[in-house]
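Each chain gets a letter, A, B and so on, in the order its sequence line appears, and its residues count up from 1. Just so it is clear, the model here is predicted, and its values are computed rather than measured.
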Protein chains: 2
Amino acid sequence: MREKELRRSMSVFPIGTVMKLTDLTARQIRYYEEQELIYPERNEGNRRMYSLNDIDVLLEIKDYLADGINMAGIKRIYELKELEKNEKTKPPEKNLTDDDVRRILHSEFLSISGLSPKDKNKLNQQHFKQ
Amino acid sequence: MREKELRRSMSVFPIGTVMKLTDLTARQIRYYEEQELIYPERNEGNRRMYSLNDIDVLLEIKDYLADGINMAGIKRIYELKELEKNEKTKPPEKNLTDDDVRRILHSEFLSISGLSPKDKNKLNQQHFKQ
DNA sequence: TACAAAATGTTAGATCTTCTAACATCTAAT
DNA sequence: ATTAGATGTTAGAAGATCTAACATTTTGTA
């Protein structure tokens with residue numbers, strides 16, 4: 001399945017093709033990139049080139065939007081998906097010692113001002129989840 | 001398997017992508033079309049758009065040429081292939097919607113099927129980043 | 001060898017496609 | 001009613017592809 005994953009992430013489609021396959025406008029596709037939901041590569045001439053994975057995500061975004069979920073919600077969904085993926089890939093998590101907690105708090109707190117409660121929750125989940 | 005065949009014939013790649021995937025020049029690709037070995041469609045702006053089948057054939061042509069077979073020989077080979085295909089009973093045609101195409105592409109692109117291991121090697125891996 | 005044909009390279013000018021950036025419009029949430 | 005979110009629209013620039021012609025290289029054969 002390694003080769004398969006490689007093919008799915010090859011950047012081979014120009015935006016015109018993606019527009020037709022997803023029924024999205026160029027404006028929308030670029031906007032979702034701006035929202036960091038997809039990360040198309042660029043060719044030598046700075047043209048965006050999309051993968052099958054990108055198209056999958058765009059179609060999922062369409063579904064979420066049709067279900068009334070907004071960008072913030074969709075972003076969160078993909079954050080969670082990312083966490084789940086990392087969980088399966090990584091070896092079993094070890095419990096944090098008090099020392100670990102102190103070190104994390106020290107580095108995290110410095111950049112935490114100005115974050116919304118929602119963002120703080122995100123940090124909590126990352127660091128204090130068993 | 002009829003549906004699959006139709007999916008593989010969807011015109012989704014511009015010539016630039018085909019050049020990278022096959023390591024052929026635009027001149028060569030257009031020449032092989034002139035020789036009626038492939039039949040790419042055109043988009044609304046008259047740009048050639050290629051299918052997975054087209055890419056398969058182009059990679060096969062590369063192999064034949066590497067084996068010392070010239071255009072005349074390659075043409076004959078494809079004539080014979082065409083005859084063989086016609087020997088088989090053809091089921092009724094069925095048209096695909098755009099939605100079908102979208103669903104299909106991801107599963108389809110993963111296996112540039114029908115390719116020999118040699119053909120797969122011909123794929124220009126350097127362009128399939130990561 | 002020499003010549004003709006085959007296969008590919010190269011170029012120019014036109015047209016299509018995509019880019020960025022800005023401003024406009026419409027919708028949803030406060 | 002106002003703000004923020006989401007998308008539309010436009011202009012000008014630059015990249016990509018088109019056709020058509022001529023050039024060069026390779027191959028087959030008289």
Side-chain angles (χ1 to χ4, degrees), chain A residues 11-51 54-55 57-79 114-119, chain B residues 11-51 54-55 57-78 122 124 127:
Chain A
S11 304
V12 289
F13 301 105
I15 199 168
T17 294
V18 177
M19 289 171 66
K20 287 181 182 166
L21 294 179
T22 63
D23 220 11
L24 293 168
T25 67
R27 184 69 166 88
Q28 287 175 302
I29 295 169
R30 296 194 194 105
Y31 182 69
Y32 303 149
E33 174 187 356
E34 192 179 308
Q35 298 302 309
E36 300 185 276
L37 293 172
I38 54 175
Y39 308 89
E41 296 181 4
R42 303 291 185 113
N43 68 5
E44 316 73 36
N46 198 39
R47 265 55 193 165
R48 290 173 179 84
M49 298 299 285
Y50 299 85
S51 68
D54 291 327
I55 291 175
V57 171
L58 289 173
L59 292 173
E60 288 173 9
I61 292 174
K62 278 195 69 173
D63 283 344
Y64 289 136
L65 290 175
D67 285 349
I69 304 175
N70 63 9
M71 277 299 124
I74 296 176
K75 281 192 209 178
R76 175 59 63 91
I77 287 171
Y78 280 99
E79 284 168 8
L115 290 189
S116 69
K118 276 196 290 191
D119 288 326
Chain B
S11 304
V12 290
F13 302 106
I15 199 169
T17 294
V18 177
M19 289 172 65
K20 288 180 180 169
L21 293 180
T22 63
D23 218 12
L24 293 168
T25 66
R27 184 69 166 88
Q28 287 175 302
I29 296 170
R30 296 193 194 106
Y31 181 69
Y32 303 149
E33 174 187 356
E34 193 178 306
Q35 300 301 309
E36 299 186 277
L37 292 172
I38 53 175
Y39 308 89
E41 296 181 3
R42 303 289 184 113
N43 69 4
E44 317 73 37
N46 198 38
R47 267 53 192 166
R48 290 173 178 83
M49 298 299 284
Y50 298 84
S51 68
D54 291 328
I55 291 176
V57 171
L58 289 173
L59 292 172
E60 288 173 9
I61 291 174
K62 281 195 69 172
D63 279 347
Y64 289 136
L65 289 175
D67 285 349
I69 304 175
N70 62 10
M71 276 299 122
I74 297 176
K75 280 192 211 180
R76 175 61 60 91
I77 288 172
Y78 280 99
K122 292 287 184 171
N124 202 354
H127 295 294

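Within the structure, a side-chain polar atom (N or O) of B/Tyr31 is placed less than 4.0 Å from OP1 or OP2 of C/dA7. Within the structure, every side-chain polar atom (N or O) of A/Asn70 is placed at least 4.0 Å from both OP1 and OP2 of D/dA4. Checking the phosphate oxygens (OP1, OP2) of D/dT9, no side-chain nitrogen or oxygen of A/Arg27 falls inside 4.0 Å. For B/Tyr32 and C/dT8, the shortest distance from a side-chain N or O to OP1 or OP2 is below 4.0 Å.
The distance from atom CD of B/Glu44 to atom C1' of C/dT17 is 11 Å, rounded to the nearest whole Å. The interatomic distance linking B/Met71 (CE) with D/dT25 (C1') rounds to 15 Å, in whole Å. One can place CD1 of A/Ile29 at 14 Å from C1' of C/dC19, the figure rounded to the nearest angstrom. Rounded to whole angstrom, the span from the CE atom of B/Met49 across to the C1' atom of C/dC16 amounts to 12 Å. One interatomic measurement links the two molecules: CD of B/Glu34 to C1' of D/dC18, which rounds to 14 Å at whole-angstrom precision. Distance, A/Glu33 CD to C/dT18 C1': 13 Å, rounded to whole Å. Between the CD atom of A/Gln28 and the P atom of D/dG5 there is a distance of 17 Å, rounded to whole Å. Going from atom NZ of A/Lys75 over to atom P of D/dA6 covers 8 Å, rounded to whole Å.
Of the two residues contacting DNA chain C, namely B/Gln35 and B/Asn43, the nearest-nucleotide position lying further toward the 5' end is that of B/Gln35.
Pairing each heavy atom of B/Ile69 with each of B/Ile77, the nearest pair is CD1-CD1, 4.1 Å.
The side chain of A/Asn46 has C/dC19 as its nearest neighbour among C/dC19, D/dT7, D/dT17. Candidate nucleotides D/dC18, C/dT18, C/dA7 were compared by shortest atom distance to the side chain of A/Ile15, and C/dT18 ranks first.
Ion pairing between a basic and an acidic side chain is recognised when a charged N comes within 4.0 Å of a carboxylate O; A/Arg30 and A/Glu33 show no such pairing.
Rounded to the nearest 0.5 Å, atoms CG (B/Leu37) and OH (B/Tyr64) are 10.5 Å apart.
Looking at heavy atoms from C-beta onward, B/Tyr32 lies out of side-chain contact with B/Ile74 at the 4.5 angstrom threshold. Taking the side chain as every heavy atom from C-beta outward, A/Leu58 and A/Gln28 never approach each other to under 4.5 Å.
Taking only distance into account, the side chain of B/Arg30 never meets the base of C/dT8 through a donor-acceptor pair shorter than 3.5 Å.
If you check every strand for non-hydrogen atoms under 4.0 Å, A/Arg48 touches sugar and phosphate atoms only.
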